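Everything below concerns the one structure shown next.
Below, all heavy atoms of this structure are taken into account, side chains as well, without hydrogens, waters or symmetry copies. So you know, we letter chains A, B, ... as the sequences are listed, proteins then strands, and number each from 1. No experiment lies behind these values; they were computed from the predicted model shown.
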Number of protein chains: 2
Amino acid sequence: MLALTKRTEYALIAMCHLARNPASVVSARDMAEQFHVRLPLLMNVLKLLNKNRLLKSTRGASGGYLLAAQPGEITLGRLVAAVEGPVRLVKCAPGAAPRGENCELANSCPVRIPVLRVHHRFEQFMDTISIADLAFDYRYGALETAGTGGGTLGGASLELPLAGNAGLR
Amino acid sequence: MLALTKRTEYALIAMCHLARNPASVVSARDMAEQFHVRLPLLMNVLKLLNKNRLLKSTRGASGGYLLAAQPGEITLGRLVAAVEGPVRLVKCAPGAAPRGENCELANSCPVRIPVLRVHHRFEQFMDTISIADLAFDYRYGALETAGTGGGTLGGASLELPLAGNAGLR
DNA sequence: TTGAAATCGGATTGAATCGATACTATATTA
DNA sequence: TAATATAGTATCGATTCAATCCGATTTCAA
């Protein structure tokens, strides 16, 4: 179905909240109550984010979490990789293989090169979006007009000339 | 892990082969033998592609498959949707919901709008890549220099100013 | 010193999806 | 009529994900 997991959704909520409240330590309980999400699951996600150095944690009473870097320096790609594992659109993509799982076809694959190129572009896509972009985007009305030039995302920029020799339809 | 399924990989191989051999009907058996993929699984994928009108089939002896449209008109997004179901990065995205599954937070979600915007951009990303782009891209050496201006994909174009008011880090 | 609050590290269970296979029906050609 | 090929559906095992639970560790404050 090609969807983000609930872990990523929870991570986005938490990271964006921390981005909006810098210099204040926020506990998992606080966030769970404020956003009406389940505490145990949120804690699992926060553990993953901390383990992968996207958050700093302080234990004990009045403990909680802080962003480990500036919101503009943490990308969606890093966030997803932290809670879902490394992004690998295809098994032949470089990066940590889940189970030594490589493509059976390898060099004989007739679409390997262009698909790897798509994978590379997708990585760029994910790493171009920062937590700051998500946390500080309040332009609610922009969605309907997106793609036609309106809104914060409307400004072109995603045309993808995948294969110049193919005559970009 | 955010990966494409094997069904998509098989679909890409088949669709690209058909794009490269227009005006000739190709059977599932032929493609399975030529590309060393398992015939039953390939047939399952071809059934899905046919059911979703991405290719035309003719039964009987000397039957097989044909693309249902020009390679430049069939996008990666449509292909993935045909074999994996509609692409919905997040559950709150519009489109066929798998099981009436909508976001519990709905309007109270603090990241809903920007995330929906990312979803929309991702849809554009998938629909900008055509089968023709993948089938006729033979520039093997371009991968290493992609992102710096070389290769068929290197030409910028994927900068994503998600939130202009956030100061694009 | 004690207790409460909070994170940390696993381990486990159930549901959903995916890979893989099998079987029957239908259509076309020779 | 026989062989070939697709169409539709159904099933089983493996993997992943959501959800839960447990005990351990750290910190603050009474």
Side-chain N or O of B:S62 closer than 4.0 Å to phosphate OP1/OP2 of C:dA30: no

Linked, directly or transitively: B:L18 and B:L41 (ILVMFWY side chains, under 4.5 Å): yes

A:K51 side-chain N/O to C:dT7 phosphate OP1/OP2 under 4.0 Å: no

Residue pair A:A3 / B:L2: nearest heavy atoms and the distance that separates them: O-CD1, 4.0 Å

Spacing of A:E84 atom CD relative to D:dC17 atom P, expressed in whole Å: 7 Å

Aromatic ring pairing A:F35/A:H17, orientation class (parallel under 30°, perpendicular over 60°, tilted between): perpendicular

Report each atom pair, protein N/O against N/O of nucleotides 2-4 of chain C, whose distance is under 3.5 angstrom.
none

Spacing of A:N52 atom CG relative to C:dC8 atom C1', expressed in whole Å: 14 Å

Euclidean distance, atom OH of residue A:Y65 to atom C1' of C:dA6 [Å, nearest integer]: 8 Å

Selection from D:dA18, D:dT20, C:dC8 that lies nearest to any side-chain heavy atom of A:P40: D:dT20

Sugar-phosphate, base or nothing in reach of A:K47, heavy atoms under 4.0 Å: base

Distance test, side-chain N/O of A:S57 to OP1/OP2 of C:dC8, below 4.0 Å: yes

Length of the line joining A:N50:CG and D:dT26:P, which is rounded to integer Å: 14 Å

Sole candidate of B:L76, B:V80, B:V83, B:V45 that passes side chain to side chain contact (heavy atoms under 4.5 Å, CB included) when paired with B:L12: B:L76

Nucleotide C:dT7, atom C1' - distance to CG of A:L42 in whole Å: 12 Å

Minimum heavy-atom distance between A:L42 and A:A32, given as atom pair plus value: CD2-N, 3.7 Å

Nucleotide nearest B:R7 (side chain, heavy atoms from C-beta), chosen from D:dA19, C:dC18, D:dA7: C:dC18

Nearest-angstrom distance from the residue atom CE of A:M43 to P of C:dA6: 10 Å

Selection from C:dT7, D:dA5, D:dA7 that lies nearest to any side-chain heavy atom of B:S27: D:dA5

5' precedence on DNA chain D between B:L2 and B:D30 (nearest-nucleotide basis): B:D30

Short side-chain N/O contact to D:dA5 OP1/OP2 from B:R29, under 4.0 Å: yes

Test log, rule side chain to side chain donor-acceptor pair (under 3.5 Å), inputs B:R7 and B:N44: CA-CA 8 Å; B:R7 288 203 292 269; B:N44 279 345; over 6 Å; no

Closest contact, heavy atoms only, B:F136 versus B:A19: CZ-O, 3.5 Å

Whole-Å gap separating P (D:dT16) and CG (A:L4): 18 Å

Whole-Å distance separating the NZ atom of A:K6 from the P atom of C:dA15: 15 Å

side-chain N/O B:R59 vs D:dT4 OP1/OP2, d < 4.0 Å: no

Sugar-phosphate only, base, or nothing, as touched by B:N44 at under 4.0 Å among non-hydrogen atoms: base

Heavy-atom pair with the smallest gap, counting every atom of A:C92 and A:R112: CB-NE, 4.0 Å

